[in-house]
Structures are given as C-alpha cells and as structure tokens.
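The next block holds one structure in the form of structure tokens; read it before the comments.
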Protein chains: 2
Amino acid sequence: MSAGTIPVEPLAEEETLSLGERAYRRLRDGIVQGTLRPGSRISERSMAQALGISAQPVREALRRLEHDGMVVTLPRRGTVVAEIGPERLAELGRIRAALEGVAAALAAERMSGEDLAELAAIVRSMRGATAAADAEALAELNERFHAILQGATGNLFLVKSLEALRAYDDLGRLRALGSTPKDMPKALREHASILAALKTRDPALAEARMRHHVLRSLTTNGVLAAPRQGR
Amino acid sequence: MSAGTIPVEPLAEEETLSLGERAYRRLRDGIVQGTLRPGSRISERSMAQALGISAQPVREALRRLEHDGMVVTLPRRGTVVAEIGPERLAELGRIRAALEGVAAALAAERMSGEDLAELAAIVRSMRGATAAADAEALAELNERFHAILQGATGNLFLVKSLEALRAYDDLGRLRALGSTPKDMPKALREHASILAALKTRDPALAEARMRHHVLRSLTTNGVLAAPRQGR
DNA sequence: AACTGCCAGCTGCTATAGCAGTTGTCCATG
DNA sequence: CATGGACAACTGCTATAGCAGCTGGCAGTT
C-alpha cells in the first residue's frame with residue numbers, strides 16, 4: 001500500500017448473510033406481512049425443515065424476534081407469534097420517537113462536518129422530490145436521513161434498538177415514514193428544521209424537533225391517535 | 001381450579017435457569033466488574049470449556065451481549081469486549097432517561113389502581129428509609145418502584161431494553177440509582193411527584209418528571225456531566 | 001533482503017443427535 | 001361416569017462434531 005491507491009471498489013459488505021440472519025429476516029417479514037399470524041405456533045424443528053436449514057439458526061432468529069417483541073416463547077412449551085395490536089404499535093411508535101430524539105441530540109453534539117453536508121444534500125434532494133411528489137424517492141431519502149443521523153451518534157445500542165423498531169413499519173399497511181403525499185411539505189420542513197438545529201449544535205432543540213417530527217409522522221399515518229401529549 | 005386457590009407458593013420463578021441465561025449473566029457481570037477487560041478476546045470454545053458447558057449457550061450469551069453493546073463480534077474473526085468509556089455511559093444514561101420517561105407516560109395511562117397503591121406504599125416506605133438514611137433499603141425500594149412502573153406498561157420491548165441498560169449500572173463503581181446519601185431527599189421528592197402525576201393520569205407530566213429524575217440521579221452519581229440540556 | 005504463496009491453527013457458524021421437560025390422550029381404577 | 005396415572009408425542013434446550021472463512025508465520029522464489 002505504498003504506491004497509489006488500488007483502483008477497485010471494496011466488496012459489498014454483505015454478499016452472503018449467515019443463515020441465522022436470513023432466517024431472522026424471513027420470519028420477521030412473515031410476521032409483519034401477516035403470513036405468520038398472531039397465535040401461530042413456531043416449532044424450531046418444523047420451521048428449520050420448512051426453511052431447509054438446521055434448527056440452530058432458527059432458534060437464534062426466534063431469540064432475536066423475542067427480543068423485538070414479535071414472538072414469545074415459554075420454556076419447554078413452545079414459541080408463538082405475539083399479538084401486535086394498534087395500541088402496541090402506538091406504544092412502539094412513542095418509544096421510537098423518544099429514541100430518535102435522543103439520537104438527534106447526540107448527533108447534534110458529535111456529528112462531523114461531512115455528515116452534516118450529506119444531510120444538507122439529502123434535504124436538497126428532498127426539496128426536489130417533494131416538488132415532483134415522488135413518494136418512492138422521498139421514502140428512500142428519508143431512510144438515508146435517519147440512517148446517517150443515527151450512525152453519527154456512534155451508539156450501537158441506539159442504532160440496533162431503532163433498527164428493531166423499524167421492522168414494525170410494514171405492519172399496519174404503512175410503508176415508510178412520511179410517504180403519504182399530503183404531508184410531504186410538512187416532512188420537508190421538519191427535516192430542514194432538524195438539520196438547522198444540528199448545524200447550530202443545539203441538542204435540546206434537535207431532540208425536540210426530531211421527536212415532534214416522528215410523532216407527527218406517525219400520527220398522520222394513523223399509527224398514533226389524537227395529538228394528546230406531544231412534544 | 002374450581003374450589004379456592006391452592007394454598008401453595010408457586011415454584012421459585014427461576015430455580016434453575018437455562019445455561020444460556022446463566023452464561024449471559026456470568027459474562028455480563030464479568031464485563032461490568034472489570035474481570036473481562038475491554039479488548040479481551042472471547043472465544044466460544046474456550047469460554048465454553050472454562051464454564052464447563054457447551055459452546056451453544058456461550059454463543060447465545062455473546063449474541064445477547066452484542067445486542068447490549070458490551071461485546072462486538074466480527075464474523076469469522078472473533079468476539080472482543082467492547083470499550084465502554086464515560087462518554088458511552090453518558091449516552092446510555094440519556095437513552096435510559098428517555099425510555100423511562102416513555103414508560104412513565106404509558107404507565108400514567110394504563111396503570112391499575114392496585115399498582116398505584118403499591119407505588120404509594122413504596123413511597124411511604126421510602127420516606128421512612130430516607131429518614132433513617134438506610135441506603136440499602138432505598139436502593140431496593142427504588143428498584144421496585146421502577147420495576148412496577150415499567151411492568152405496568154405491559155410493553156415487553158420497553159421492559160427488556162431498560163433491563164439491558166440497567167446492566168451497566170455496576171460499571172462506574174456506582175451501585176444503584178439514588179443510593180448516595182446526599183440526594184436521598186431529592187429522590188424521595190421526585191418519586192412522590194412522579195406518583196402524583198401517575199395518579200392524575202397525566203402522561204406528559206409523568207414523563208417529564210421521570211426523565212428529570214433519572215437525569216438528575218445520573219448527574220449526581222457522576223455518570224452525566226453538567227446540567228446542559230435537561231428536561 | 002523483499003515479496004509471494006502456501007498451510008497449520010485459530011475463529012465463528014452450521015448440522016446432527018440426544019436430553020429433559022411439557023402436554024394431551026388413553027386406559028385402568030374408584 | 002368420573003378420576004387419576006402412565007405413556008407417547010411433542011416442545012425447547014444442550015452437547016458433539018465438523019464445515020468454512022480468516023490470520024499469521026514459515027518457507028520458497030526473485
């Protein structure tokens with residue numbers, strides 16, 4: 001590595017995932033899409049045979065799902081898909097709003113200039129996509145916005161918790177945050193205001209704005225009900 | 001189950017834990033107590049042999065620890081104990097404050113009358129223990145207070161996340177929240193005020209007070225620094 | 001001496017087999 | 001008919017063995 005840099009891209013970070021990871025995603029998708037309905041019993045052996053793999057990866061996946069609250073397993077009894085009603089979804093949404101708020105606060109303190117610039121670029125792209133009413137592009141940009149912000153915190157616990165919560169997005173037939181056409185301008189303004197708070201390194205302001213943004217978004221998407229206690 | 005309830009205590013809830021659970025606690029304690037220092041490499045096989053068990057439970061424990069942020073494992077490379085500096089502890093403390101706040105909000109909405117009465121009894125006991133300056137009793141009561149409140153939310157994800165965060169308590173040679181003698185009266189007042197908010201079914205107020213309580217407690221214990229941005 | 005390729009020794013990961021509880025059914029018993 | 005106990009068929013849990021990838025060092029070549 002003395003001479004100039006080698007002109008090749010690094011390999012894709014996850015060309016082949018572990019069986020446990022694949023089983024986890026498979027089961028998770030099955031649950032949120034309704035294929036595996038609440039109350040369904042999931043046997044390690046049966047599911048392993050159905051997936052064509054061994055029982056260990058399935059077990060590992062079930063443990064993770066249990067941590068996520070999607071299944072509940074009684075020792076030596078069995079594992080069943082948990083009931084995830086609207087009220088539970090609302091709770092998880094409020095938890096998510098709180099965590100994303102903390103992430104914004106931490107990001108306001110630690111975030112690098114490059115990350116800030118990237119967020120600014122994303123917000124600019126959002127402006128165009130909003131004008132074009134491109135819902136798909138907005139969903140993608142929104143995902144990147146939050147991902148960069150969360151990654152900037154450098155806190156793995158926070159990132160993983162939010163990742164787990166994000167898995168619930170596909171449940172109530174809602175796709176991604178801020179994708180409904182009517183609230184696109186709102187979401188754009190909110191993202192811009194969050195970015196402004198990050199630029200001024202104001203943790204409290206960034207947190208309040210992020211939290212409000214997530215709560216508002218979940219409300220317009222029907223996950224949360226009335227604007228009872230917000231902020 | 002027709003006649004009166006059977007006059008026997010249920011079996012001790014965890015007379016014999018699974019090996020995976022025991023390995024998890026063992027390793028977790030080793031990390032927070034400093035026996036397993038940051039950077040230490042943990043091999044599934046070696047650790048299994050050291051604990052006198054198989055490799056699977058150890059692997060399961062490592063996965064959980066990774067989720068908690070205490071270890072980080074690179075696929076096919078190895079698992080090492082994560083570095084947990086003061087800044088990370090502070091982050092986790094802020095996350096915890098936010099989550100306990102949400103728990104208080106949810107509890108204010110859902111909590112039953114019996115649970116409220118139990119919390120009231122605990123606060124009364126706290127009053128006595130504070131007068132007697134009984135730190136140990138206060139720590140115990142404090143733990144029960146938060147446990148009951150969190151359990152009243154009925155949200156497993158929330159409970160498990162807070163449980164994971166609680167594991168970090170033993171790290172910076174601090175034992176439990178609110179155990180330092182000087183802030184006993186403060187903690188007592190805060191618990192009482194939280195209880196009051198719960199009684200009036202005010203989620204926003206309960207959340208704000210709980211969050212302030214946790215942040216204040218972590219601050220006086222040295223986990224958090226100046227009262228920069230609170231509330 | 002500097003570089004390249006090979007290879008033993010790790011590592012996490014997966015498969016197979018078997019243990020130990022739990023449950024529901026069926027038959028013997030009151 | 002009602003009741004209780006034993007057995008079979010599950011379940012999750014654990015142990016053992018072996019696979020696949022990565023690392024570091026040792027030799028062989030230039």
Side-chain angles (χ1 to χ4, degrees), chain A residues 1-4 6 8 10-27 36 39-82 156 160, chain B residues 1-3 6 8 10-27 36 39-82 156:
Chain A
M1 62 174 65
S2 52
I6 299 159
V8 293
L11 285 179
E13 67 269 289
E14 291 169 343
E15 191 157 358
T16 175
L17 292 84
S18 74
L19 290 185
E21 180 70 25
R22 280 191 272 178
Y24 169 72
R25 301 190 183 188
R26 187 75 154 271
L27 293 177
L36 294 173
S40 305
R41 298 173 47 84
I42 298 181
S43 163
E44 295 179 358
R45 282 171 174 76
S46 318
M47 185 55 68
Q49 189 175 1
L51 295 178
I53 60 178
S54 176
Q56 250 73 16
V58 175
R59 173 177 170 81
E60 185 170 322
L62 289 178
R63 294 304 231 192
R64 291 178 62 183
L65 288 172
E66 185 175 22
H67 183 96
D68 295 350
M70 288 195 178
V71 305
V72 47
T73 132
L74 299 83
R76 311 277 183 179
R77 296 277 305 270
T79 303
V80 297
V81 179
L156 277 178
K160 288 185 181 176
Chain B
M1 59 175 67
S2 53
I6 300 161
V8 292
L11 286 180
E13 68 270 285
E14 293 166 344
E15 188 157 0
T16 171
L17 291 84
S18 74
L19 290 184
E21 180 70 26
R22 279 190 272 178
Y24 169 72
R25 302 190 181 187
R26 186 74 153 273
L27 293 178
L36 294 173
S40 305
R41 297 174 49 82
I42 299 182
S43 162
E44 295 180 356
R45 281 171 174 75
S46 317
M47 185 55 67
Q49 189 174 1
L51 295 178
I53 61 178
S54 175
Q56 251 74 14
V58 174
R59 172 176 171 78
E60 186 170 321
L62 289 178
R63 294 303 233 192
R64 293 179 60 183
L65 288 172
E66 184 176 22
H67 184 97
D68 294 349
M70 287 195 177
V71 305
V72 46
T73 130
L74 298 84
R76 312 276 183 181
R77 295 277 305 270
T79 303
V80 297
V81 178
L156 278 178

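Order of the sequence lines fixes the chain letters, A, B, ..., with proteins taken first and strands second; residue numbering starts at 1 for each chain.
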About how many Å separate OG1 of B:Thr79 and CZ of B:Arg63, when rounded to the nearest 0.5 Å? 8.0 Å

For DNA chain C, which residues of residues 43-50 of chain A approach it to below 4.0 angstrom with any heavy atom? A:Arg45

Kindly compute the distance separating CZ (A:Arg64) from CD (A:Glu21), expressed to the nearest 0.5 Å. 4.5 Å

Taking the nucleotide of DNA chain C with the closest heavy atom to each, which residue, B:Arg41 or A:Gln56, is nearer the 5' end? B:Arg41

Which ones in residues 62-80 of chain B lie close to DNA chain C, meaning a heavy atom under 4.0 Å from one of its atoms? B:Arg63, B:Arg76, B:Arg77, B:Gly78, B:Thr79

Taking A:Lys160 for the side chain and B:Glu66 for the main chain, is one N or O donor matched with an acceptor at less than 3.5 Å? yes

Do B:Thr73 and B:Leu62 have side chains that get closer than 4.5 Å, going by heavy atoms? no

Using the test side-chain contact (heavy atoms from CB on, under 4.5 Å), find all partners of B:Arg26 that sit at least two apart in sequence or belong to another chain. B:Leu51

Partners passing side-chain contact (heavy atoms from CB on, under 4.5 Å) against B:Val72 (at least two apart in sequence or in another chain): B:Val80

From B:Leu36 atom CG to B:Met47 atom CE, the distance as rounded to the nearest 0.5 Å: 5.5 Å

Could I get the full list of side-chain contact (heavy atoms from CB on, under 4.5 Å) partners for B:Gln49, not counting sequence neighbours? none

d(CG, B:Leu17; P, C:dA20) in whole Å: 18 Å

Under a 4.0 Å heavy-atom criterion, DNA chain D is touched by chain B from D:dT14 to D:dT23

Interatomic distance, B:Arg22 atom CZ to B:Leu17 atom CG [nearest 0.5 angstrom]: 7.0 Å

Spacing of A:Leu19 atom CG and A:Glu60 atom CD [to the nearest 0.5 Å]: 10.0 Å

